[in-house]
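The next block holds one structure in the form of structure tokens; read it before the comments.
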Amino acid sequence: MNSLLIILMAGTSLLQPLSQRLENVIYLTGIFVQTDYWALTLDSETASGTMHLAHPNRFLLQYSDLEGRAMGCTGTEVFTVDPEFDEILVYSGSPTGFLHILSSASEDDCTTVSSESGDSITVTATGLFEGGITEITAGYTLSDSLPFLFSTMDANGNSTSWIISDLNISDTVPDIFSIPDLSGYTLVDAGTI
């Protein structure tokens with residue numbers, strides 16, 4: 001049976017089980033399918049690969065469409081590895097990752113809509129969040145609070161969503177959450193372009 005709730009609240013208590021679970025997981029990995037949509041051109045692009053998450057606020061997305069393509073966060077800096085241009089773009093300042101975005105949703109006043117189906121809940125929070133995000137959607141299982149969906153939308157209607165599957169949890173964090181040192185690649189401060 002599906003149920004739909006509309007709640008106007010300070011913070012998003014419906015996202016707390018997911019946030020708490022991710023904060024307590026030492027290392028989580030799985031498969032993702034990412035869809036980017038640009039409202040101005042009505043274009044979309046889909047990619048897939050392997051996702052790695054670790055606390056605090058570290059993530060790495062290794063894409064399977066182009067050898068070496070990746071996006072990650074060291075915990076303090078977000079970076080993108082672009083093998084087409086032999087560049088590594090570094091975005092210094094406030095980290096933007098899954099855990100950081102979820103925690104920003106719980107700190108702001110927003111409207112929350114949720115729907116349940118069996119062991120799954122999908123929560124959409126609408127408000128003004130960090131980075132120009134106006135909508136955050138997260139789906140997780142009620143039995144173990146692990147994610148299967150994460151999506152963001154900005155004020156212009158551009159969105160990125162990740163469908164997540166085949167999750168594995170470990171107590172050991174691999175040494176992968178750093179800006180790679182790749183021969184022939186130029187390190188570019190994204191704030192200067």
- prompt: Apart from Trp38 itself, which Ile, Leu, Val, Met, Phe, Trp or Tyr residues share its cluster (side-chain heavy atoms under 4.5 Å, direct or through members)?
  reply: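 Direct or chained contacts put Trp38 with none.
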- prompt: Any chance CG of Leu40 has more than 12 other-residue heavy atoms, nucleotides or ligands included, within less than 6.0 Å?
  reply: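 No, the 6.0 Å shell around CG holds no more than 12 heavy atoms from other groups.
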Shortest non-hydrogen contact between [X] and [Y], atoms and distance:
X: Ser178; Y: Thr74; result: CA-CG2, 3.8 Å
X: Pro147; Y: Leu167; result: O-CD1, 3.3 Å
X: Trp162; Y: Gln34; result: NE1-OE1, 2.9 Å
X: Tyr63; Y: Ala47; result: CD2-CB, 3.8 Å

query: Could you walk me through whether Ser151 and Thr137 pass the side chain to side chain donor-acceptor pair (under 3.5 Å) check?
result: CA-CA 5 Å; Ser151 177; Thr137 301; 5.0 Å; no
query: With a 4.5 Å heavy-atom cut-off, do Phe85 and Thr186 have their side chains touching?
result: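 With C-beta onward as the side chain, the pair stays apart.
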Any side-chain heavy-atom pair of His55 and Tyr27 under 4.5 Å: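 No, too far: nothing below the 4.5 Å cut-off.
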When clusters are formed by joining ILVMFWY residues with side-chain heavy atoms under 4.5 Å apart, either directly or through shared neighbours, do [X] and [Y] land in the same one?
X: Phe59; Y: Phe148; value: no
X: Ile163; Y: Val123; value: no
X: Phe177; Y: Met51; value: no
X: Leu61; Y: Phe79; value: no

Set of residues satisfying side chain to side chain contact (heavy atoms under 4.5 Å, CB included) with respect to [X], sequence neighbours excluded:
X: Ile26; result: Asp171, Val173
X: Ile169; result: Arg21, Val25, Leu28, Leu146
X: Leu142; result: Glu116, Asp119, Ile121, Tyr140
X: Leu182; result: Val81, Ile88, Pro180, Tyr185

query: Tyr37: what forms a ring-ring contact (aromatic ring centres under 6.0 Å, His included) with it, not counting sequence neighbours?
result: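 Counting only residues at least two positions away or on another chain, Tyr37 forms no ring-ring contact (aromatic ring centres under 6.0 Å, His included).
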Listed by chain and number, what are the side-chain hydrogen bond (donor to acceptor under 3.5 Å, both in side chains) partners of [X], not counting sequence neighbours?
X: Ser145; value: none
X: Thr141; value: Asp144
X: Ser120; value: none
X: Thr29; value: His52

Sequence neighbours excluded, every pair satisfying salt bridge (Lys or Arg N to Asp or Glu O under 4.0 Å) that has a member inside residues 30-53: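 Sorted pair list comes back empty.
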Within residues 60-69 or reaching into it, pairs that qualify as salt bridge (Lys or Arg N to Asp or Glu O under 4.0 Å) - sequence neighbours excluded: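 Checked against salt bridge (Lys or Arg N to Asp or Glu O under 4.0 Å) - neighbours excluded - the pairs reaching residues 60-69 are Asp65-Arg69.
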- prompt: Is there a donor-acceptor pair under 3.5 Å between the side chain of Thr134 and the backbone N or O of Gly127?
  reply: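 A pair under 3.5 Å: no.
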field: Short side-chain to backbone donor-acceptor contact, Asn158 and Ala39, under 3.5 Å
entry: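 Yes: the side chain of Asn158 pairs with the backbone of Ala39.
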